[in-house]
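Protein chains get the first letters and strands the later ones, always in sequence-line order, with residue 1 at the start of each.
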Amino acid sequence: MYALVDCNNFFVSCERTLDPKLENKPVVVLSNNDGCVISRSKEAKDLGIPMAAPAFKYKELFKKHDVQCFSAKFELYNFKSQRVIEISTAYVDQPDYEVYSIDELFLDLKSFKYINIYDYCITIKNEIYDQEKIPVSIGIAPTKTLCKVANRIVKQFPEQFEGVYILDTSEKIEKALKWLNIGDVWGIGRRLAVKMQDNGVFKAWDLLQKPEMWVRKIMGIHGVRMVNELKGIRQLEIDAPSPKKSIAVTRSFMEMLTKKEEVRERVETFGMYCSERLRKQNTCCKMVTVFVQTNRFRKDLPEYRKAMTQILPNPTNSSILIGRVVNELFEAIYKEGFHYKRAGVFVNDFVPEDQRQISLFEEDTQNQHLPVMKAMDAMNKKFGKDKVRLGSMSGENTFGRAKLSPEYEAFLKNNTLPEANFRFH
DNA sequence: TCTGGGGTCCTAGGACCC
DNA sequence: TCTGGGGTCCTAGGACCC
């Protein structure tokens, strides 16, 4: 059996660890620029605040019900996430887990043939709460997809299950799938949900009644795997962490930017962050993409969006070399006369730092840069983010964050903050 | 006025090879 | 008039996830 440990409304729960008075009150956490709702407490969900709701549209509701709003504090969430992972994984053999996202991890319970896994998971749940004050739900089932279903059941019926539910017998599975809406199946997004309903598939169970050819045609290979997983036939394994295949740094700006030099400074900074993250995993990239765009919601202003990619003659992770490319691409796509709202840099096509294929004809300076770069990284690690940086960076952010509470300042001071270390899907 | 950010995988079609 | 067959690799776009 697998178990899925999932933190309940994780970012809000983290806020509550700093301020216990937030317990039982409606609380939301907002994205950068305080733009969208990205985490909601149960009380906030009950008020009808949807996920990803633009904050400005709900101002009245927030005020009326005294909803507590917080800017995102990702240092805190990463820290708490690490703690939850450490506690959970101490209960299984070493490679038998997969960190799925910042607030979820799968455990492989294969080594526990003789103990009561339900009780065991109750213990895990309780220890996470006792030590970190983070409430979690645990769904146990033979496949990952069914773990997701079990987890949903736990959250839906809190008074019945005390945070843990096992979905094991075929009777329970059938009952669960006849209850579960098709759009709530892991892997069915908005588009597919509509397509399913058009074809008379409303519950997860209905999908199992469709012929495989139909599933293959509508959903591709994903669908076939999904059906098997729902039947209890394992298709998805617990995976060891793998290096990233692409890195992106993108931001919306608090205010629209109209000066070329301001936008340039931003994309150069994003390029630097990409380079730092490449060095952190000891890889070089062979491709760099830069994009800029105006505010897509402002129909009264002229719209412009453009991206451009360059393939590098020699793989690199030097901030200087990547910065140079970013600058060239920026020059090629930037157009005067627009109000820019968002920009970003992507890097991909990675090779390990020590396995670079060098072009015969292009000069390669990566190795001259590397010692300087590593020294820079070491100093920033010691003294703080962006303390040492390239001259092209202002070192300032253009996105807003509410004033930090004294509790949070104290938290930042007292903890060595871990690096984010998550796979995204 | 105000609308996030960072990932993965699959597929279809085109270019190219022998 | 007649115009093969099979394979790989790359890319863009679409779908999904948290």
Side-chain angles (χ1 to χ4, degrees), chain A residues 4 6-7 9-11 28-40 49-60 62 69 71-72 74 77-78 81 98-106 144-145 148 151 183-196 216-226 235-236 239 241-256 270 273-274 277 281 286-287 289 291 293-301 307-309 311 339 341-350 397-401 420-425:
Chain A
L4 172 62
D6 192 326
C7 302
N9 40 65
F10 181 54
F11 298 167
V28 297
V29 172
L30 304 175
S31 62
N32 276 342
N33 302 324
D34 300 335
C36 290
V37 173
I38 54 174
S39 183
R40 305 160 293 156
I49 301 165
M51 189 58 178
F56 75 91
K57 285 190 181 171
Y58 287 82
K59 243 182 194 159
E60 290 302 309
F62 290 167
C69 300
S71 302
F74 286 104
Y77 311 150
N78 283 330
S81 172
E98 176 184 334
V99 177
Y100 180 68
S101 76
I102 192 165
D103 67 342
E104 280 171 78
L105 73 155
F106 288 99
K144 283 181 162 181
T145 309
K148 283 280 189 181
N151 222 292
D184 292 334
V185 175
W186 190 37
I188 303 275
R190 268 218 319 274
R191 295 290 172 86
L192 276 175
V194 171
K195 227 186 254 183
M196 289 291 131
R216 183 71 179 80
K217 187 162 162 265
I218 300 285
M219 307 173 66
I221 192 69
H222 270 319
V224 180
R225 282 205 281 258
M226 178 186 299
Q235 307 276 295
L236 306 170
D239 293 322
S242 51
K244 285 189 181 26
K245 295 178 176 168
S246 70
I247 290 173
V249 176
T250 72
R251 292 282 180 282
S252 294
F253 311 132
M254 189 145 61
E255 274 150 17
M256 291 185 284
F270 301 158
Y273 291 158
C274 285
R277 280 151 67 173
Q281 57 169 29
K286 292 194 274 188
M287 232 196 247
T289 303
F291 77 84
Q293 54 183 255
T294 53
N295 189 340
R296 67 185 202 280
F297 298 103
R298 289 289 295 267
K299 296 303 173 199
D300 55 323
L301 293 173
M308 197 178 265
T309 302
I311 294 171
H339 295 64
K341 177 65 178 174
R342 217 163 85 86
V345 174
F346 294 87
V347 291
N348 41 42
D349 208 349
F350 299 161
N397 270 320
T398 45
F399 61 86
R401 219 186 192 195
N421 180 30
F422 306 106
R423 296 181 64 201
F424 288 88
H425 291 251

*Are Tyr100(A) and dC18(C) stacked, counting the six-membered base ring, centres under 5.5 Å, planes under 30°?*
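So Tyr100(A) does not count as stacking on the base.
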
_Restricting to ring-ring contact (aromatic ring centres under 6.0 Å, His included), what partner residues turn up for Phe350(A), sequence neighbours left out?_
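If we apply the ring-ring contact (aromatic ring centres under 6.0 Å, His included) test to Phe350(A), skipping adjacent residues, there are no hits.
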
*Could you pull out all residues at least two apart from Phe346(A) that satisfy ring-ring contact (aromatic ring centres under 6.0 Å, His included)?*
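Expected list: Phe291(A).
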
By nearest atom, which of the nucleotides [options] is closest to the [X] side chain?
X: Lys244(A); options: dA15(C), dG7(B), dG6(B); answer: dG7(B)
X: Ser252(A); options: dG4(B), dT3(B), dT11(C); answer: dG4(B)
X: Phe56(A); options: dG7(B), dC16(C), dT3(B); answer: dT3(B)
X: Phe297(A); options: dT3(B), dC16(C), dG7(B); answer: dT3(B)
X: Ser101(A); options: dC18(C), dC9(B), dT11(C); answer: dC18(C)
X: Ser246(A); options: dT3(B), dG6(B), dT8(B); answer: dT8(B)
X: His222(A); options: dG4(B), dC2(B), dC10(B); answer: dC10(B)
X: Ile221(A); options: dT1(B), dT11(B), dT8(B); answer: dT11(B)

Over how many whole Å does the gap from [X] atom [atom1] to [N] atom [atom2] extend?
X: Leu236(A); N: dC10(B); atom1: CG; atom2: P; answer: 10 Å
X: Phe253(A); N: dC2(B); atom1: CZ; atom2: P; answer: 15 Å
X: Lys144(A); N: dT8(B); atom1: NZ; atom2: C1'; answer: 12 Å
X: Lys57(A); N: dC2(B); atom1: NZ; atom2: C1'; answer: 10 Å
X: Asp349(A); N: dC9(C); atom1: CG; atom2: P; answer: 14 Å
X: Met254(A); N: dC2(B); atom1: CE; atom2: P; answer: 12 Å
X: Met51(A); N: dC18(C); atom1: CE; atom2: P; answer: 10 Å
X: Glu60(A); N: dC2(B); atom1: CD; atom2: P; answer: 18 Å

*Pairwise 5' ranking along DNA chain B for Ile247(A) and Pro54(A), keeping only the more 5' one*: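 Residue closer to the 5' terminus by nearest nucleotide: Pro54(A).
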
*Would you kindly compare Ala248(A) and Ile38(A) by the position of their nearest DNA chain B nucleotide and give the one closer to the 5′ end?*
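Here Ile38(A) is the residue nearer the 5' end.
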
*Indicate, with a heavy-atom threshold strictly under 4.0 Å, whether Lys195(A) touches base, sugar-phosphate, or nothing.*
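If one applies the 4.0 Å heavy-atom cut-off, Lys195(A) turns out to touch nothing in the nucleic acid.
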
*For Leu30(A), answer base if it contacts any base atom (sugar-phosphate contacts may also be present), sugar-phosphate if it contacts only those atoms, and nothing otherwise; contact means non-hydrogen atoms under 4.0 Å.*
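Here Leu30(A) touches no strand at all.
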
*List in chain and number order the residues that pass salt bridge (Lys or Arg N to Asp or Glu O under 4.0 Å) with Lys286(A), two or more places apart in sequence or in another chain; answer none if no residue qualifies.*
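Partners of Lys286(A) under the salt bridge (Lys or Arg N to Asp or Glu O under 4.0 Å) test: none.
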
_For Arg216(A), side-chain contact (heavy atoms from CB on, under 4.5 Å) partners two or more places apart_ =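 Result, side-chain contact (heavy atoms from CB on, under 4.5 Å) vs Arg216(A): Ile221(A), Val224(A).
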
*Considering residues at least two apart in sequence or located in another chain, which fulfil the side-chain contact (heavy atoms from CB on, under 4.5 Å) criterion with Gln235(A)?*
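Gln235(A) satisfies side-chain contact (heavy atoms from CB on, under 4.5 Å) with Arg225(A), Asn228(A), Glu229(A), Ile233(A) once adjacent residues are dropped.
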
*With distance as the sole test, does Ser39(A) use its side chain to make a donor-acceptor pair with the main-chain N or O of Val29(A) at under 3.5 Å?*
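Flag not set: sc Ser39(A) to bb Val29(A) has no pair under 3.5 Å.
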
For [N], does either OP1 or OP2 sit under 4.0 Å from a side-chain N or O belonging to [X]?
X: Asn33(A); N: dG4(B); answer: no
X: Arg342(A); N: dG6(B); answer: no
X: Arg298(A); N: dC2(B); answer: yes
X: Lys148(A); N: dC18(C); answer: yes
X: Arg190(A); N: dG14(C); answer: no
X: Thr250(A); N: dG6(B); answer: yes
X: Lys341(A); N: dT3(B); answer: yes
X: Ser31(A); N: dG5(B); answer: no

*Closest contact, heavy atoms only, Leu105(A) versus Val99(A)*: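 Closest approach of Leu105(A) to Val99(A), heavy atoms only: CB-CA, 4.0 Å.
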
_I need the minimum non-hydrogen distance between Lys244(A) and Gln281(A), along with the two atoms involved._
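In this case the closest contact between Lys244(A) and Gln281(A) is N-OE1, 3.3 Å.
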
*Should the ring pair Trp186(A) and Phe106(A) be called parallel, tilted or perpendicular, given that the plane angle runs from 0 to 90° and is split at 30 and 60?*
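Plane angle between 30° and 60°, so tilted.
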
*Considering the terminal five base pairs at each end of the helix from dG5(B)-dC18(C) to dC18(B)-dG5(C), what angle separates the two local helix axes, rounded to 10°?*
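Rounded to the nearest 10 degrees, the bend comes out at 10°.
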
